[in-house]
Novice: 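Dropping a structure here in structure tokens format, bear with me for questions.
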Amino acid sequence: MVGRCAALLFAATLVTAAGCATKTHSAPSSVQTTAASAPASSNGRSIFQTGRDSNGTQIVAQHPPPYASCAACHRANGSGGMHLPGGAVSADLRHKALVTDMKPPYTLATLERAVATGVDNQGKPLDAVMPRWKLSARDLHDVAQYVMTQLK
């Protein structure tokens, strides 16, 4: 019985390891190129300011964005106010605008949803000019965390 349990445990370990290896090798390139070794704050800053993760990989969107980075529309300090195609004005992404003055306030999860799917904190669609960014889970979390904590 002990030998059989050990064999089953060994087999389960191999299946788990094989599954992880398969996922790593077959993941989309945007997932493979996450800046795994960079601290979250510097990766988030890089994505926001330059449109590239800490490894230098360009962040892409579902449809070609009007600009290559968040800062190009929302300004380097997140203050927004830029007039965009179609009459849209870029949102203020500083903490006061997103959290203090917003009812209900944005959370990390609702900000991640807005960046990735274009749905705001109340479940309404954002203007179509807002890109629906295609980010790995880590890159999405890092850039949202950067916005929530670093843009004052």
Side-chain angles (χ1 to χ4, degrees), residues 12 14-152:
L14 284 179
V15 168
T16 302
C20 290
T22 302
K23 288 179 185 175
T24 300
H25 294 294
S26 65
S29 61
S30 63
V31 174
Q32 287 180 358
T33 59
T34 58
S37 61
S41 61
S42 66
N43 189 46
R45 179 184 311 108
S46 180
I47 293 166
F48 187 87
Q49 298 293 338
T50 69
R52 296 179 177 278
D53 68 16
S54 293
N55 289 334
T57 302
Q58 181 69 48
I59 304 300
V60 297
Q62 280 181 329
H63 302 287
Y67 301 98
S69 73
C70 308
C73 288
H74 296 282
R75 302 184 194 273
N77 69 355
S79 64
M82 294 185 62
H83 294 271
L84 303 168
V89 178
S90 63
D92 185 340
L93 300 181
R94 295 173 294 181
H95 191 269
K96 184 176 183 336
L98 287 181
V99 179
T100 307
D101 295 344
M102 184 69 64
K103 301 299 179 231
Y106 270 91
T107 64
L108 189 60
T110 57
L111 184 57
E112 287 176 359
R113 180 180 71 186
V115 170
T117 68
V119 175
D120 74 6
N121 61 323
Q122 297 178 336
K124 298 176 186 168
L126 295 171
D127 192 284
V129 74
M130 170 64 186
R132 281 39 174 180
W133 295 103
K134 295 169 72 175
L135 297 151
S136 70
R138 180 170 188 269
D139 284 350
L140 179 59
H141 178 79
D142 289 355
V143 74
Q145 185 74 28
Y146 173 79
V147 169
M148 293 290 284
T149 63
Q150 301 303 308
L151 299 180
K152 305 289 183 194

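Because only heavy atoms are used, hydrogens play no part in the values below, and waters and symmetry mates are left out as well, while side chains stay in. Computed from a predicted structure; not experimentally measured.
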Novice: Partners of Pro66 by side-chain contact (heavy atoms from CB on, under 4.5 Å), sequence neighbours excluded?
Specialist: Val129, Pro131

Novice: Verify the distance criterion only: is there a donor paired with an acceptor across the side chains of Asn55 and Thr57 at less than 3.5 Å?
Specialist: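 There is no such pair between these side chains.
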
Novice: Checking Gln62 side chain against Lys134 main chain: does a donor-acceptor pair fall under 3.5 Å?
Specialist: no

Novice: Quick check: closest heavy atoms across Ala76 and Phe48, and the distance to 0.1 Å?
Specialist: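 Closest approach of Ala76 to Phe48, heavy atoms only: O-CE2, 3.8 Å.
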
Novice: Quick one: list whatever passes side-chain contact (heavy atoms from CB on, under 4.5 Å) with Thr50, sequence neighbours left out.
Specialist: Ser46, Arg52

Novice: Please, which pairs that meet ring-ring contact (aromatic ring centres under 6.0 Å, His included) have at least one residue in residues 61-88, sequence neighbours excluded?
Specialist: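 Applying ring-ring contact (aromatic ring centres under 6.0 Å, His included) to every pair that reaches into residues 61-88, excluding sequence neighbours, yields nothing.
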
Novice: For Met148 versus Thr107, what's the shortest heavy-atom pair and its separation?
Specialist: CE-C, 3.9 Å

Novice: Donor-acceptor pair, distance only, cut-off 3.5 Å: does the side chain of Asn43 make one with the backbone of Asp139?
Specialist: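 Flag not set: sc Asn43 to bb Asp139 has no pair under 3.5 Å.
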
Novice: Any sub-3.5 Å donor-acceptor pair from Arg132's side-chain atoms to Met130's backbone N or O?
Specialist: yes

Novice: How many angstroms lie between atom CZ of Arg45 and atom SG of Cys70, to the nearest 0.5 angstrom?
Specialist: 13.5 Å

Novice: With salt bridge (Lys or Arg N to Asp or Glu O under 4.0 Å) as the rule and sequence neighbours excluded, what pairs involving residues 84-108 come up?
Specialist: Asp92-Arg94, Lys96-Asp101

Novice: Strictly by salt bridge (Lys or Arg N to Asp or Glu O under 4.0 Å), give each pair with a member in residues 111-124 just once, sequence neighbours left out.
Specialist: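 Qualifying pairs: none.
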
Novice: For residues Pro104 and Gln122, report the shortest heavy-atom separation together with the two atoms involved.
Specialist: CD-NE2, 3.6 Å

Novice: Measure the spacing between CG of Leu93 and CG of Leu151 and express it to the nearest 0.5 Å.
Specialist: 6.5 Å

Novice: Kindly give the heavy-atom pair with the smallest separation between Val99 and Tyr106, and that separation in Å.
Specialist: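 For Val99 versus Tyr106, the nearest heavy atoms are CG2-O, 3.8 Å.
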
Novice: Evaluate the side-chain proximity of Ser90 to Leu84: yes if any heavy-atom separation is below 4.5 Å, no if none is.
Specialist: yes

Novice: Can you list every pair that meets side-chain hydrogen bond (donor to acceptor under 3.5 Å, both in side chains) and has a residue in residues 143-152, with sequence neighbours left out?
Specialist: Gln49-Tyr146

